[in-house]
Asker: 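This is the structure I want to talk about, given as structure tokens.
Computed from heavy atoms alone, side chains included, the values below leave out hydrogens, waters and symmetry copies.
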Amino acid sequence: MTALLEVDRLRKAFGGVVAVDDVSFELDRGELLALIGPNGAGKSTCFNLINGQLPPDAGVVRLDGRPITGRRPREIWRQGVGRTFQVAATYASMTVAENVQMALLARERRLFDFWSRAARACRDEALELLAAVGLRERADEPASTLAYGDVKTLELAIALANRPQLLLMDEPTAGMAPRERAALMSLTKKLVRSRNLGVLFTEHSMDVVFAHADRIIVLARGQLIAAGPPEAIRDDARVREVYFGSGKLLSSALSA
């Protein structure tokens, strides 16, 4: 069976610095795959190569068996790749529902219709998405009134508006309290299973990674040094040496 996402020998250098060095991995539907590594490991560059924000020097990225390498981010988005960012991108001056309506209209290439029919354009579908993430009761509130954790949840609803096959989530729980982190990732996992999506996410919070990822891949100095389920990554000597030092952080994350 064809993997949803195939990254095949991806490479990117900036001058004499190789940020991503011959990286290959796969991601299946219904799977949450964590991409971790120390600062400067190449995680963001790898994300941006997959998403089309950077062109690779070599290698191929395939979505559901079709190459998407070299396409623009908008084209990749239309192929079914959604993305959330470390700093949530929402329209604070609009209502919660209007934020999702904007994304739905963009999917339908009807963005300019928004201003003439704001009250009803894609309203029903927007409310369905908000119900799926637990924000239906706040649909008509200004997005500016949401707590930060709810803003991140709204961003997830916006990403789902394009009916993606694949979600790229860059530090999805950054700036959130522990309880909010757990709630957002539990919700994400539920949506992944029910909608048969694939999720690739980067994350610095090891409690999030080990509690919610199905598999983990580890980068160091641009190279993939380990891949496997959380238990295997915990016990990997090279990961401990390169990323975690003594491994105490890793052990505490798994026992939390």
Side-chain angles (χ1 to χ4, degrees), residues 1-51 53-54 56-63 69 83-84 86 166-174 178 181-182 185 188-189 192 198-256:
M1 185 174 65
T2 301
L4 174 60
L5 175 68
E6 299 173 81
V7 174
D8 186 11
R9 306 192 69 175
L10 211 56
R11 188 180 191 279
K12 182 68 178 180
F14 300 96
V17 178
V18 180
V20 174
D21 188 3
D22 200 33
V23 168
S24 299
F25 62 88
E26 295 183 351
L27 168 64
D28 292 326
R29 294 181 183 275
E31 182 179 34
L32 274 78
L33 178 62
L35 172 61
I36 67 172
N39 290 335
K43 303 185 298 297
S44 294
T45 301
C46 191
F47 247 54
N48 290 334
L49 292 170
I50 294 169
N51 194 50
Q53 292 182 306
L54 289 172
D57 298 331
V60 179
V61 179
R62 298 182 184 90
L63 180 68
T69 319
R83 183 166 182 178
T84 67
Q86 183 173 351
L166 170 68
L167 272 178
L168 304 176
M169 303 182 74
D170 188 7
E171 297 285 343
T173 69
R181 294 201 301 263
M185 293 309 295
T188 301
K189 197 160 194 172
V192 165
V199 171
L200 175 66
F201 70 100
T202 64
E203 183 60 62
H204 278 103
S205 297
M206 291 299 99
D207 57 332
V208 169
V209 171
F210 286 100
H212 298 283
D214 298 308
R215 286 190 302 123
I216 301 169
I217 54 178
V218 185
L219 292 184
R221 296 183 180 179
Q223 296 183 330
L224 193 146
I225 64 167
E231 294 79 6
I233 298 302
R234 176 198 60 191
D235 296 331
D236 189 289
R238 190 176 180 192
V239 173
R240 288 175 175 269
E241 179 184 356
V242 172
Y243 189 90
F244 297 103
S246 68
K248 291 180 180 178
L249 178 60
L250 202 58
S251 298
S252 64
L254 279 174
S255 62

Asker: Would you call Pro56 and Thr69 a side-chain contact if the rule is heavy atoms closer than 4.5 Å?
Answerer: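 Side chain of Pro56 against side chain of Thr69, heavy atoms only: contact under 4.5 Å found.
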Asker: Apply side-chain contact (heavy atoms from CB on, under 4.5 Å) to the pair Arg11 and Val18, showing each step before the final yes or no.
Answerer: CA-CA 8 Å; Arg11 188 180 191 279; Val18 180; 3.4 Å; yes
Asker: Is Val7 close to Ser24 at the side-chain level, that is, under 4.5 Å between some pair of heavy atoms?
Answerer: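 No. Closest side-chain heavy atoms not under 4.5 Å.
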Asker: Run the numbers on Leu200 and Leu167 for side-chain contact (heavy atoms from CB on, under 4.5 Å), then give the verdict.
Answerer: CA-CA 6 Å; Leu200 175 66; Leu167 272 178; over 6 Å; no
Asker: Give a yes or no on this: more than 12 heavy atoms of other residues, nucleotides or ligands lie within 6.0 Å of atom CZ of Arg221.
Answerer: no
Asker: Find out whether Arg83 and Met169 are in side-chain contact, i.e. whether some heavy atom of one side chain is under 4.5 Å from a heavy atom of the other.
Answerer: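 When only atoms from C-beta onward are counted, Met169 and Arg83 do not touch, as no gap falls below 4.5 Å.
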Asker: Looking at residues at least two apart in the chain, or sitting in another chain, which of them share a salt bridge (Lys or Arg N to Asp or Glu O under 4.0 Å) with Asp214?
Answerer: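 Applying salt bridge (Lys or Arg N to Asp or Glu O under 4.0 Å) to Asp214 gives Lys189, Arg193.
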Asker: So which atom in Val23 and which in Gly222 form the shortest heavy-atom distance, rounded to 0.1 Å?
Answerer: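 Scanning both residues completely, I find the closest heavy atoms to be CG2-O, 3.3 Å.
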Asker: Show the nearest heavy-atom pair for residues Phe47 and Asp170, with the distance to one decimal.
Answerer: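 For Phe47 and Asp170, the tightest heavy-atom pair comes out as CE2-N, 3.8 Å.
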Asker: What heavy-atom pair brings Asp28 and Glu31 nearest, and what distance separates the two atoms?
Answerer: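 Heavy atoms only, the tightest pair is N-OE1, 2.9 Å.
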Asker: Identify the heavy atoms of Met185 and Pro172 that sit nearest to each other, and give their distance.
Answerer: SD-CG, 4.0 Å
Asker: Working to the nearest 0.5 Å, report the span between CG of Leu35 and CD1 of Ile217.
Answerer: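 If I round to the nearest 0.5 Å, the distance is 4.5 Å.
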Asker: Which heavy atom in Leu33 sits nearest to a heavy atom in Ile216, and how many Å separate them?
Answerer: CD1-N, 4.1 Å
Asker: For the pair Thr202 (side chain) and Glu171 (backbone), establish whether a donor and an acceptor sit closer than 3.5 Å, ignoring hydrogens and angles.
Answerer: yes
Asker: Do Ser205 and Val209 make a side-chain contact, defined as non-hydrogen atoms from C-beta onward lying under 4.5 Å apart?
Answerer: no
Asker: Can Leu63 and Val61 be said to form a side-chain contact (heavy atoms from CB on, under 4.5 Å), step by step?
Answerer: CA-CA 7 Å; Leu63 180 68; Val61 179; over 6 Å; no
Asker: Tell me, do Leu10 and Asp22 make a side-chain contact under 4.5 Å, heavy atoms counted?
Answerer: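 The answer is no; the side chains never approach within 4.5 Å.
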Asker: List the atom of His204, the atom of Asn39, and the distance in Å for their closest heavy-atom pair.
Answerer: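 So the minimum-distance heavy-atom pair works out to NE2-OD1, 3.4 Å.
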Asker: Report the C-alpha distance between Asp57 and Lys12 in whole Å, list the side-chain angles of each, state the deciding distance to 0.1 Å, and finish with yes or no for salt bridge (charged side-chain N to carboxylate O under 4.0 Å, His left out).
Answerer: CA-CA 5 Å; Asp57 298 331; Lys12 182 68 178 180; 3.8 Å; yes
Asker: Any non-hydrogen side-chain atom of Val218 less than 4.5 Å from a side-chain atom of Leu224?
Answerer: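 The answer is no, as the side chains (C-beta and beyond) never meet within the 4.5 Å cut-off.
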Asker: Please report the interatomic distance CG(Leu168) to CZ(Phe201), rounded to the nearest 0.5 Å.
Answerer: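 Going from CG on Leu168 over to CZ on Phe201, the span is 12.5 Å.
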Asker: Hey, does the side chain of Asp236 reach the backbone of Arg238 with a donor-acceptor pair shorter than 3.5 angstrom?
Answerer: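 Pair found, side chain donor or acceptor close to backbone of Arg238.
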Asker: Atom CZ in Arg215, atom CG in Leu27: separation rounded to 0.5 Å?
Answerer: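 Output value for this atom pair is 7.0 Å.
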Asker: How long is the gap from CD1 on Ile225 to CG on Leu219, to the nearest 0.5 Å?
Answerer: 8.0 Å
Asker: I'd like to check Glu203 versus Thr173 (side-chain heavy atoms, cut-off strictly below 4.5 Å). Are they in contact?
Answerer: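 They are in side-chain contact.
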Asker: For Phe25 and Leu5: C-alpha separation, side-chain torsions, deciding distance, then whether side-chain contact (heavy atoms from CB on, under 4.5 Å) applies.
Answerer: CA-CA 8 Å; Phe25 62 88; Leu5 175 68; 4.1 Å; yes
